[in-house]
Amino acid sequence: MNTSASPSKAPAPEAPVRSRRSATLVIGCVLAGLVLAVTVVSLLWLPYAPDDTSGDRLMPPGAAHPLGTDKLGRDLLTQLMIGARIALTVGVGSVLLGGVLGLLAGLAAGFATRWLDDTLSALLDILIAFPTLLLAMLIVAVRSASLGSAVLAIGLGMSAIVARLTRVLVKRVLAQDFVTASRTSGTSWPRVVTEHVLPNIWPTLLVNLALQLGLAVLAEASLSYLGLGPPPPNASWGRMLQEAQATVLTAPLGAVAPGVLLVVLVVGVNLIADGLRDVADPTRRRSR
């Protein structure tokens with residue numbers, strides 16, 4: 001009679017790992033979704049006109065103005081809703097511009113000859129080291145402060161980072177045996193890009209672009225704080241913070257509200273990027 005006990009099965013760790021991954025992604029989507037919902041509502045309805053100064057200065061929250069007014073008598077809720085629209089517009093616009101330019105430059109560097117690759121890499125290093133604020137000042141000096149200038153400045157600065165990452169990823173894929181076998185069988189380079197390179201690099205690029213979206217929102221707030229963002233009557237969270245710093249002790253909501261929304265959006269986007277990273281990287285999923 002065999003008295004040896006059958007070995008017990010260890011509990012599978014995938015369930016808690018999947019639960020943590022899902023929670024991170026869900027929380028990020030909820031936080032970013034709140035700001036997105038405010039943006040959508042602002043496109044359809046606003047409590048007051050952006051330049052309406054009919055309210056008293058620094059009014060506390062009340063029936064007429066749920067969040068009060070700023071030092072010019074403008075409705076604070078209206079300003080916050082417009083600020084959400086500007087933050088997402090600049091963030092998404094910068095990511096699209098930087099992603100397209102960076103992807104094209106990275107692919108060119110990845111397939112380039114040695115001397116051309118070195119030249120492109122040096123140019124990318126210079127652009128990465130070039131301060132975004134200084135680049136914005138130069139663009140504003142040429143085009144004046146506007147929403148387009150902010151998108152252009154942040155997008156150009158972001159494109160170098162995306163291009164640098166794309167170059168590394170492309171070279172890593174091109175060194176794989178399946179690419180060599182594909183080329184040996186007569187596959188053209190455009191088909192290699194569409195069938196092998198892009199499918200293998202897009203997960204990492206998507207995570208990086210999600211992270212860049214949060215950085216772009218912070219960059220837009222910084223530019224607006226310095227007066228280099230969209231001009232009035234467009235309200236930006238950065239400019240709201242700059243205008244409210246003189247009255248932060250007497251009317252703190254004017255500084256707290258845009259700061260909280262900025263944190264909510266950036267944290268939400270970063271959590272989404274973290275969740276996407278778990279989905280795109282099986283090794284990371286098993287190690288957590």
### Task
Check the hydrophobic clustering (I, L, V, M, F, W, Y; side-chain heavy atoms under 4.5 Å; chains of links allowed) and say if Leu88 and Tyr225 are grouped together.
yes

### Query
Does Leu134 belong to the same Ile/Leu/Val/Met/Phe/Trp/Tyr cluster as Leu127, with side-chain heavy atoms less than 4.5 Å apart forming each link?
no

### Query
Going hydrophobic residue to hydrophobic residue with side-chain gaps under 4.5 angstrom, can you get from Leu169 over to Leu107?
yes

### Message
Once rounded to the nearest 0.5 Å, what's the spacing between atom CG of Asp118 and atom CG of Leu123?
### Response
11.0 Å

### Query
Does a side-chain N-to-carboxylate-O contact under 4.0 Å join Asp70 and Arg57?
no

### Query
Parallel, tilted or perpendicular: which describes the rings of Phe111 and Trp189, with under 30° parallel and over 60° perpendicular?
perpendicular

### Task
Would you indicate whether the side-chain heavy atoms of Ile272 and Leu31 approach each other to under 4.5 Å?
no

### Message
Please determine whether side-chain contact (heavy atoms from CB on, under 4.5 Å) holds for the pair Trp237 and Leu80, giving the CA-CA distance in whole Å, both sets of side-chain angles, and the decisive distance to 0.1 Å.
### Response
CA-CA 7 Å; Trp237 290 340; Leu80 290 172; 4.2 Å; yes

### Query
Just by distance, do the side chain of Thr184 and the backbone of Thr180 share a donor-acceptor pair under 3.5 Å?
yes

### Task
Kindly give the heavy-atom pair with the smallest separation between Glu195 and Pro199, and that separation in Å.
O-CG, 3.5 Å

### Task
Go through the steps to decide whether Ile82 and Ser42 satisfy the test side-chain contact (heavy atoms from CB on, under 4.5 Å), and finish with yes or no.
CA-CA 6 Å; Ile82 297 175; Ser42 73; 5.6 Å; no

### Donor-acceptor pair, side chain of Gln245 and main chain of Leu241, under 3.5 angstrom
no

### Query
Ignoring hydrogens and geometry, is there a side-chain-to-backbone donor-acceptor pair from Ser144 to Val140 under 3.5 Å?
no

## Note on the structure
What one should report as the nearest heavy-atom pair of Ala163 and Leu124 is CB-CD2, 3.7 Å

Donor-acceptor pairs are to be reported for all side-chain atoms of residues 249-270 against protein atoms at under 3.5 Å, with residues two or more places apart or in another chain.
residue, atom, partner, partner atom, Å
Thr250, OG1, Thr247, O, 3.3
Asn270, ND2, Val266, O, 3.4

### Query
Is Leu223 reachable from Val92 through a run of hydrophobic residues whose side-chain heavy atoms are each under 4.5 Å from the next?
yes

### Message
Return the CD to CG distance between Gln212 and Leu205, rounded to the nearest 0.5 Å.
### Response
10.5 Å

### Least distance between heavy atoms, Ala150 atom then Ser94 atom
O-OG, 4.3 Å

#### Entry: Carboxylate-amine/guanidinium contact Glu220 Arg239, below 4.0 Å
no

#### Entry: Value rounded to 0.5 Å, distance of CG in Leu44 from OG1 in Thr39
11.0 Å

### Met158 and Leu101: CA distance, side-chain angles, deciding distance, side-chain contact (heavy atoms from CB on, under 4.5 Å) verdict
CA-CA 9 Å; Met158 185 187 303; Leu101 294 179; over 6 Å; no

### Task
Give the intermediate values and the outcome of side-chain contact (heavy atoms from CB on, under 4.5 Å) for residues Val40 and Trp45.
CA-CA 9 Å; Val40 173; Trp45 172 82; over 6 Å; no

## Note on the structure
In short, Ala273 meets Leu211 closest at the heavy-atom pair CB-CD2, 3.6 Å

### Message
When you measure from the side chain of Ser149 to the backbone of Ala145, do you find a donor-acceptor pair of N or O atoms at a distance under 3.5 Å?
### Response
no

### Message
Is any side-chain heavy atom of Leu152 closer than 4.5 Å to one of Leu135?
### Response
no

### Message
A side-chain contact here means heavy atoms from C-beta on lying under 4.5 Å apart; do Leu147 and Asn234 qualify?
### Response
no

### Query
For Val179, does its backbone N or O pair with a side-chain atom of Ser182 as donor and acceptor, under 3.5 Å?
no

### Query
Do the side chain of Asp75 and the main chain of Thr78 share a donor and acceptor less than 3.5 angstrom apart?
yes

### Polar side-chain atom of Ser224 near backbone of Ala221 as donor-acceptor pair, under 3.5 Å
no

### Query
Nearest heavy-atom pair of Ile128 and Ala160: which atoms, and what distance?
CG1-CB, 3.5 Å

### Message
I'd like to know if Asp117 and Arg114 make a salt bridge, using a cut-off of under 4.0 Å between side-chain N and carboxylate O.
### Response
no

### Task
Find the distance between CD1 (Ile154) and CG (Leu218) and round it off to the nearest 0.5 Å.
9.5 Å

### Task
Check whether any side-chain heavy atom of Val90 lies under 4.5 Å from a side-chain heavy atom of Val217, and answer yes or no.
no

### Query
Does the side chain of Thr69 come under 3.5 Å of the side chain of Arg74 through a donor N or O and an acceptor N or O?
no

### Message
Rounded to the nearest 0.5 Å, what separates atom CZ in Arg172 from atom CD1 in Ile201?
### Response
11.0 Å

### Message
Closer than 3.5 angstrom, by distance alone: can the side chain of Asn200 be matched with the main-chain N or O of His196 as a donor-acceptor pair?
### Response
yes

### Task
Nearest 0.5 Å please: distance from the CZ atom of Arg167 over to the CG atom of Leu103.
15.0 Å

### Task
Could you tell me whether the side chain of Leu46 reaches within less than 4.5 Å of the side chain of Arg85, counting heavy atoms only?
yes

### Query
Which heavy atom in Val35 sits nearest to a heavy atom in Ala84, and how many Å separate them?
CG1-CB, 4.0 Å

### Message
Any non-hydrogen side-chain atom of Asp125 less than 4.5 Å from a side-chain atom of Arg164?
### Response
yes

#### Entry: same_hphob_cluster(Leu76, Tyr48) at 4.5 Å side-chain heavy-atom cutoff
no

### Student check: side-chain heavy atoms of Pro47 and Met81 closer than 4.5 Å
yes

